There are 2 protein chains.
Amino acid sequence: MARTRDALTHDRVLQAALALADSEGLEALSMRRLGSELGVEAMSLYRHVPNKKALLDAMVDSIVHDWIDDEATPAADWRRHIGAIMHRAHATLLARPWAVELVTVRPRVGDGRLRYAESITTALLEAGFTPQLAHHGLHIVDGTIMGFTAQQARRPTAAALGDRVQALYNGDLTADYPGISVTIREHHDHDEEYALMVDLVIDGLARLRDGNEPPRTGSGASYVLSLA
Amino acid sequence: MARTRDALTHDRVLQAALALADSEGLEALSMRRLGSELGVEAMSLYRHVPNKKALLDAMVDSIVHDWIDDEATPAADWRRHIGAIMHRAHATLLARPWAVELVTVRPRVGDGRLRYAESITTALLEAGFTPQLAHHGLHIVDGTIMGFTAQQARRPTAAALGDRVQALYNGDLTADYPGISVTIREHHDHDEEYALMVDLVIDGLARLRDGNEPPRTGSGASYVLSLA
DNA sequence: TTTCGGTTGCTTACGGTGTAAGCTTACGCC
DNA sequence: GGCGTAAGCTTACACCGTAAGCAACCGAAA
């Protein structure tokens with residue numbers, strides 16, 4: 001057998017793992033299964049990957065890396081730059097729903113994640129944000145991507161399994177839950193809703209930079225409340 | 001042995017599961033281990049819980065239930081009401097970091113989640129939000145809680161394992177990552193940063209309601225970009 | 001050409017997991 | 001007092017990640 005021809009490599013393993021997760025979901029991704037997908041025994045994979053967690057980390061980083069667009073110039077307009085990244089991240093994750101749980105849970109910092117963070121941070125710094133605000137800004141952008149996308153990515157599953165949700169639609173729970181019984185029937189376009197959130201966040205960032213800080217009644221006071 | 005005295009119940013199993021996760025983390029929570037914690041064989045648990053996933057769902061719902069405060073009156077001020085919920089959720093999750101991955105990943109709708117959603121939705125409706133905007137608002141609040149808290153909850157672990165992060169602190173990567181090399185040294189108080197985000201979101205919601213829509217340059221245009 | 005070192009993949013094995021099926025025990029009730 | 005029934009136990013299965021050691025093949029040196 002021509003061993004050299006289709007030799008295993010770290011990258012081939014990684015790509016196969018991504019493909020398997022894409023086609024059959026994350027829980028189908030076992031080392032044995034992945035091996036058989038490559039026509040190889042499970043333990044052979046360990047020549048190219050230290051362990052499964054490292055493989056998952058590599059998968060995450062490969063995905064996050066796609067969030068930034070190498071071609072694009074740094075973008076004169078920081079709003080467009082950051083907005084584009086947020087939308088690209090959203091699209092990527094919705095296309096690979098299984099990745100959401102990985103990305104939100106595994107904190108390892110690889111090249112992809114670093115370059116993504118760098119891209120956002122420098123955009124903010126160049127736009128006149130203080131280092132501290134840029135720091136917060138990165139977290140705000142990051143949190144928004146993760147939180148919002150996670151919620152949307154898991155929704156299809158929720159709908160499929162929705163026991164109570166069905167009852168809500170039927171109006172059977174109007175007495176107990178009058179509010180959501182109304183709003184649940186609202187039309188719901190993921191991309192549109194996300195765009196709303198992206199604008200809200202970017203606008204909020206601009207406002208922070210410009211120092212229009214204390215919002216009207218200062219809901220920050222509620223923070224003190226929460227400690228009681 | 002007085003069987004009746006310390007009989008197993010669904011609730012006792014649930015509480016033990018929460019306690020075990022609290023003390024030893026989520027991955028220590030196996031059915032065998034949980035059984036032994038209750039002085040019982042693993043399979044005995046299945047009398048009170050259909051399977052492990054259902055147990056995890058129950059754990060999630062029990063946590064989310066704590067996000068709303070039954071005592072509190074509906075709160076005249078919707079900002080304070082929603083802000084308080086967001087801060088309570090944040091505090092709860094930071095106290096139980098293992099819960100983050102569960103809450104963000106498991107979509108099942110239990111009583112806790114429904115009541116939480118209802119509480120936020122009615123607050124928005126009563127504050128004059130249209131049903132559609134209230135619907136979006138719930139998702140925005142929900143996504144913010146999850147995303148932002150997830151990010152903060154996993155940070156300690158990241159710091160512990162930070163291989164690259166250390167290099168960043170040392171300034172070894174300044175050439176490759178000038179931006180984050182600067183901002184990573186910024187002081188970082190979780191609660192303060194979260195309060196910033198909460199205010200940003202609530203303020204953004206108010207702005208949406210009042211129709212001050214198109215932010216300056218309309219970063220929404222970037223959304224179109226992201227489709228290309 | 002022959003040998004040899006090193007890489008690559010395979011085999012076997014261990015201790016863990018969730019849980020299906022069936023057995024035993026002991027309680028509450030007639 | 002006997003019995004139905006529910007609670008808990010035992011055994012077993014198919015899977016998981018991976019440690020340890022072995023076999024086969026490669027390219028390079030002799």
Side-chain angles (χ1 to χ4, degrees), chain A residues 1-61 98-99 101-102 105-108 157 161, chain B residues 1-21 23-60 98-99 101-102 105-108 157 161:
Chain A
M1 192 75 78
R3 175 85 57 96
T4 335
R5 187 149 49 107
D6 45 4
L8 245 43
T9 61
H10 176 93
D11 196 63
R12 242 165 63 82
V13 172
L14 174 57
Q15 295 307 324
L18 291 170
L20 181 53
D22 278 339
S23 64
E24 305 197 30
L26 200 58
E27 58 191 39
L29 176 62
S30 76
M31 297 305 271
R32 284 170 169 85
R33 178 65 202 280
L34 179 57
S36 90
E37 212 72 19
L38 286 162
V40 139
E41 225 60 25
M43 289 309 295
S44 303
L45 303 173
Y46 284 83
R47 287 280 159 194
H48 305 97
V49 157
N51 52 52
K52 189 178 180 181
K53 282 186 180 179
L55 175 59
L56 294 178
D57 284 335
M59 293 169 72
V60 167
D61 211 57
W98 53 265
E101 117 175 44
L102 250 44
V105 156
R106 321 217 96 244
R108 294 314 295 267
T157 325
L161 302 176
Chain B
M1 192 74 78
R3 174 87 57 97
T4 334
R5 188 147 50 105
D6 44 5
L8 245 44
T9 62
H10 175 93
D11 195 63
R12 243 165 63 82
V13 172
L14 174 58
Q15 294 309 324
L18 291 170
L20 181 54
S23 63
E24 306 197 30
L26 200 58
E27 59 191 39
L29 177 61
S30 77
M31 296 305 270
R32 284 171 169 83
R33 178 66 202 281
L34 179 57
S36 90
E37 212 72 19
L38 286 161
V40 139
E41 225 58 28
M43 289 309 293
S44 303
L45 303 173
Y46 284 83
R47 286 281 159 193
H48 305 97
V49 158
N51 52 52
K52 188 178 181 181
K53 283 185 179 178
L55 176 58
L56 294 178
D57 285 335
M59 292 169 72
V60 168
W98 54 264
E101 115 176 44
L102 249 44
V105 156
R106 320 217 98 242
R108 294 313 294 269
T157 325
L161 302 177

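The shown structure was predicted, so the numbers you read here are calculated from the model rather than taken from an experiment. Only heavy atoms go into these numbers, but all of them, side chains included; no hydrogens, no water, no symmetry mates.
- Side-chain atoms of B:Asn51 lie closest to C:dT19 of the nucleotides D:dC16, C:dT19, D:dA20.
- Whole-Å rounding puts the B:Leu34 CG to C:dT17 P distance at 12 Å.
- Atom CG in A:Leu38 sits about 10 Å away from atom P in C:dC10, given to the nearest Å.
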Does B:Glu41 form a salt bridge (Lys or Arg N to Asp or Glu O under 4.0 Å) with B:Arg32? I'd like the steps, not just the answer. CA-CA 7 Å; B:Glu41 225 58 28; B:Arg32 284 171 169 83; over 6 Å; no
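- D:dA7 atom C1' lies 7 Å from atom NE2 of B:His48, rounded to whole Å.
- Relative to the side chain of A:Ala42, the nucleotides D:dT18, C:dT19, D:dC9 differ in distance, and D:dT18 lies closest.
- Counting to the nearest Å, the P atom of C:dT24 and the CD atom of B:Glu41 are 17 Å from each other.
- Protein atom OH of A:Tyr46 is 18 Å distant from nucleotide atom P of C:dT12, rounded to whole Å.
- Considering only heavy atoms from C-beta on, B:Leu56 comes within 4.5 Å of B:Leu29 through its side chain.
- Side-chain nitrogen and oxygen atoms of B:Ser44 include at least one within less than 4.0 Å of the OP1 or OP2 phosphate oxygen of D:dC9.
- Between A:Met31 atom CE and D:dC15 atom P the separation is 18 Å, expressed in whole Å.
- At least one side-chain heavy atom of B:Leu8 sits less than 4.5 Å from a side-chain heavy atom of B:Leu45.
- Between B:Arg32 atom CZ and D:dG8 atom P there is a gap of 18 Å when expressed in whole angstrom units.
- Proximity of B:His48 to B:Arg12: side-chain heavy atoms (C-beta onward) are nowhere separated by under 4.5 Å.
- Nearest-nucleotide positions on DNA chain D place A:Ser30 closer to the 5' end than the other of A:Ser30 and A:Arg47.
- Here C:dT17 presents its P atom at 14 Å from CG of B:Leu56, a figure rounded to the nearest Å.
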